[in-house]
Amino acid sequence: MLLIECPWCGKRAQTEFTYEGDATVKRPEDGDQAAFHAYVHLRENVTQWHDEMWQHTAGCRRFFKACRNVTTHEIIATAKPKGDLPDMSSGKITS
Amino acid sequence: MSTQPYRTQKGGLVDRTQPINFTFDGNTYQGFQGDTLASALMANGVRLFGRSFKYHRPRGILGVGFEEPNAMVQLRTGNRTEPNIQATRIELFEGLVAESQNRWPSLNFDVGALTGIFSKLLPAGFYYKTFMWPASMWMTYEHIIRNIAGMGKSPTTNDPDRYAHRYAHCDVLVAGGGPAGISAALVAAETGARVVIMDDGPKLGGALLGCNLKVGDQEGTTWAQAAEQKLRGMDNVTVLTRTQTAGYYDHNMIIANERVADHVNEPAPFIPRQRIWHFRATEVVLAAGAMERPLVFAGNDLPNVMLASAAGTLANRYNVQAGRRAVVFTNNGSAYTVAADLKAADIDVSAIIDARTDIPSTELDIAKAAGIDVLLGQVVLAAVGGKHGVKRVVVGDTPSGPDVTEGQITRTIECDLLCVSGGWTPSVHLFSQSRGKLRFDDEKCCFVPNKGFQRERSAGACNGSFMLRECLADGRNAGSNAAEAAGFKSSSKELAIASEEPDVHPMPLWALPWPEGNHDKRFVDLQNDVTAEDVALAHREGFRSVEHLKRYTTLGMGTDQGRTSNVNGLALMAGHKGEDIPSVGTTTFRQPFSPITMGAVAGPSINEQMSPIRRTAMHDWHEAAGAPFVPAGAWLRPQAYPKPGENLRDAYLREAVHVRKHVGIVDVSTLGKIDVQGKDAAEFLNRLYVNGFAKLDIGKCRYGVMLREDGIVYDDGTVTRLAENRYMVTTTTGHAGPVMVHMERHAQVVWPELDVKLVSVTEDWSAIAIAGPKSRAVLAKVTDDIDVSDATCPFMAFREGHICGVPARLFRISFSGELAYEINVPANFGATVWEGLMKAGADDHIVPYGTEAMGILRIEKGHVVGGELNGRATADDLGFGRMLSAKKRFIGDVLKDRPALLEANRKQLVGIKPVDGTSQIPRGAQIVVNPTGARPVPIEGEVTSRCESPNVGMPIGLALIKDGRNRMGEKLIASSPVAGIDVKIKICDPVFVDPKGERLRG
Amino acid sequence: MVDLTQSRSALERVYTPGRFGVSSGQPGVMISERRHLTLIHIEHRDDDAESPLMIATAVGFPLPRAGQIAEKDGRRVLWLGPSRSLIITSGSSADGLSDAIASSATNAAVNDISSSRIVLRLSGPNARDVLASGCPLDLHESVFKAGMTATTNVDHYTALLDCIDTNTIDVYVARGYGVSFWQWLIEAAEEFGGKVLASS
Ligand SMILES: [Zn+2]
């Protein structure tokens, strides 16, 4: 079970959280169908570091971002939705 | 002590003043407090503990603890019986009953042993090759094979005991309570850190309890006891004995299994039998010890061929002579101390047979002092004996290399105990589970921890430091290092001096050749009956990866996961491949280290706690009224309220008629309720729902539909404007949680610029719908301050006031299509108001109605619920097309226009009726033109809801049918191959009752 | 003014004062339901600096910092999350408070959610052990101290914990789960010996 640092509540057990998908996608401003299709359906199949969205469901209810290694489960940092995560792109391998 | 002929008279850790009676395979025996089942049986001269898994060969004990692969028993009887428990880990208790396994009809006479005779027919992969074709027959074969293969029997009745869970946190967790673990814990505890130390045994000490070594000027056992006492006396230390460190997980989570009351016949009242601990440790010290390896030679599985350390522990700790006349066979130095200990326990040690030719003088000195002959450059080629044990060993010259196929016999030695030591295997399981990387230590002939991954360090034998003084030093360093890493200050401590003992110095020795005339099996894996020949066969057949070897031969599978067999197996495989051991690699170590009973894993999560129940404030009333309940998410909802003499169907049909004629109330508290506030609340709701809310008047409700971003309908409900910047939103029962998350995501992440605050208030409000022509009359009786007349409280109005004296919100909305209201009151008053309504409505014949009648009423009105909101239907499919606002943006507005979602032939919501006016429409039926036509039968649509409608007077249903709205009156077939029913139906309008809505506006 | 005698506890069917579980010695944990509390949920925007001040004026003292509680004159304020608090009060100190906050802090969202939770006071030497049977939070008395609060899991349940003192913790659980949670709690407490006290 992971230990996840909520930016507001601190380190808490994984059971308090819900994984809420890819944090790298951004909802398109305009009504372009292709852009919305990408927003809803297209995802990178990342094997290493990934920016994820989590919600502290059984806690403060806030959404936040976590940079997690999906192979090793290391979480290098978490951030508020508008905050920045470290750039791990050199360690990012997509397949 | 004639009852325990193999018990010695002095020393050790058993309490001779406390005899314990127990039963094994129907025979009663006596042992002592401090015994294990294995040691007590050995003291009684029992050598045969069970039969082997595949060949049903007689087996005794190989080890004395975790490492034991064979001596597994069925422990206890009746509903407490438990299979596959290692006799070496069962503490003896008064009245213990155990049975051997893998034998039929008895341990001494076993039919399955015939498979041993035909064992040439059962090579590795035999089952795969023989029984997998034809695949359809495997079920038959499997049944027979399982009966022969045995293993234990699962209990057939409920486990009467309870199992607990516990979460705990610490600065330093020490896994293992041997000398290294104790040292680490002592040092870490001194720093003030929160320390946890766990050991599988009933007391701390580990291997120290089974040998004759000193720490300082104290006996090792005395030192361990004093240390345990000291640790238990410290506030910052938790000592857990009888606790297996079972798994090392991510982010330094350690799972342990404490056997709280396994050492007694049955747990005291309310005491859990076992407890699963979930530890989160800042730093971890792994001090899991090591396991001695057996050697591979013909007949190496005979009873009383056992690990040297096991024989030593039996003598030193349990005061049991494992035999009268022993031979020790070793490739390393550690067995010399054991040989001396055996001698000291009055066992005649005929010889130490050492494969090495050149050994340190310290080892020779030990043998000399004990008066034991040492045969250097010699090996055991075969053990010979029967089901009650080894009788003699065949000795030969150490083979010059792995290619030697027949060993030269030099002598035979009579004995009833053969102690073997093939070197030591560090318990790197936890380290590996933690993603640590191993390396092969050529000098020590074993895998040792190399690069760790989490905040952990290994100490003592699990780190390849096998000697006591190394363990103590390693432990001290690890404890101090761990405490400092956790932020505590550690002062260096004097190191206790330990007895001198020989270093291991093993010689690689993986499988001995057969002697002339003896081709008995040479076992690598004693639990799974995998032999050296099986490994060779696997190699010949092309299984080159170690993981494939494992699956093909079953080497390293089963409950012991290859604890004593892995390294030997890998080494043999490496030999066949002509590679070194590290390049062959190891199989993956998985949690748990040793099996944990399912009851402990489940813990308290059984019965209602497996899936907690949500009850509305009126639940007890429903229950008292005799309503059966139906789950809706976690909620339980009353289905109907059968009167005496009524069945469920009678009841809900009556209720459905009654509501349209008179008045009824239904508990709708389970609907999701979300309070939405903020300057941008209207804008936020506009973006969420397909229809607009900015122009909704204060004090008004509106039906709303929301889409998913992909354009599919997500949920529906009502939105009520409570104030300028405040709305109350309802969701369906099933989507209450997800819709809240959906709204939170958009408020927090997508549009954080909007001023909107969301609170789920589902739990705060009890909700009661009152429906029927008399509902207004009843309501008027229970409120003084709300004018419920149609003029001031018209359809879709919202009012606040008091109902039955309780502050209430009143919504004039209708799910049933009748004149109806929804009342919300604080849940603490829900039951009061429900009862008040029942009382006030008595003259108007008010009845409660359940979900079944509610379902009928809404199908009669063509209202959609979960069956229609199926995750595939668009707003237009469900007839909400006109609600889609073109004046604003909303979630799903872009992708709802994808070409496939706009196709003309999409399935649309329609009503259906049986053409004969009487046939029940089958649940979940497909709508087809001709169910018996050419396959595949084209599907025209599906039934989404169906019921008997007492108000329409026939069965009715809702369906999604291709282009349905343009096919009114068309006759099709509702076909259910599952139920074997085909019913001719006619497409009709989905609103069966009061299509103009006059009743609800009445 | 609501007639409190009309109010029903979610635990009506299960709440029986008296000893339970291991019966020897002093009870390790005592449980009492705290009833008739007023629970006011307040939320404001993270960038709204004004509302907290208005709320503080209405309540009588500043809102607590993250993970903390603030208390004065029978009003206890629990931090629920950023910009979210829960006020616990009862009797006269509750009178009109919700309206007072709503009318002064007009940009805050105020909800009286008094019915939404059951509130159980756990006390005694094993109170923390009982909760630790299902709570992954570090509940050691040196870590989760008096004056601290957290929303977390207790077994399958989401629970709000309010640390009153070393041996006393108040637990808030959704009303609908009240009976299930009660059953869990009693079973977890039985091994320590327990006592259900009269509700307050
Ligand atoms: Zn949080």
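Here is how names work: the chains are called A, B, and so on, in the same order as the sequence lines, proteins then strands, and each is numbered from 1.
- With a 4.5 Å cut-off on non-hydrogen atoms, B:R745 touches chain A through its backbone and its side chain both.
- Contacts between A:T72 and chain B at a heavy-atom distance below 4.5 Å involve backbone atoms as well as side-chain atoms.
- By the 4.0 Å N-to-carboxylate-O rule, B:D877 lies close enough to B:R906 to be salt-bridged with it.
- With respect to chain A, the highest number of heavy-atom pairs below 4.5 Å among B:D897, B:V749, B:L895 belongs to B:L895.
- Proximity to chain A (any heavy atom under 4.5 Å) is shown, for B:I254, by neither the backbone nor the side chain.
- When heavy atoms are compared at a cutoff of 4.5 Å, A:K80 does not approach chain B at all.
- The parts of A:Q33 that come within reach of chain B are both its backbone and its side chain, each placing non-hydrogen atoms under 4.5 angstrom from that chain.
- Highest contact tally toward chain A, considering only B:R708, B:H278, B:Q454, B:M253, is held by B:M253 [criterion: heavy-atom pairs under 4.5 Å].
- Formation of a donor-acceptor pair under 3.5 Å by the A:E16 side chain with backbone atoms of A:I4 is not found in this model.
- For A:F64 and A:H56, the ring centers are positioned 6.0 Å apart or more.
- For A:R62 (side chain) and B:Q748 (main-chain N/O), no donor-acceptor pair under 3.5 Å exists by modelled atom type.
- Options A:G31, A:P81, A:A13, A:A35 differ in how many heavy-atom pairs under 4.5 Å they form with chain B, and the most are formed by A:G31.
- With hydrogens and angles disregarded, a donor-acceptor distance shorter than 3.5 Å links the side chain of B:Q433 to the backbone of B:Y248.
- A heavy-atom distance below 4.5 Å is found between the side chains of B:I255 and B:I276.
- The most heavy-atom pairs under 4.5 Å with chain B, out of A:H41, A:K65, A:E74, A:Q14, come from A:E74.
- Under the 3.5 Å distance criterion, the side-chain polar atoms of B:D893 are matched with a main-chain donor or acceptor of B:F890.
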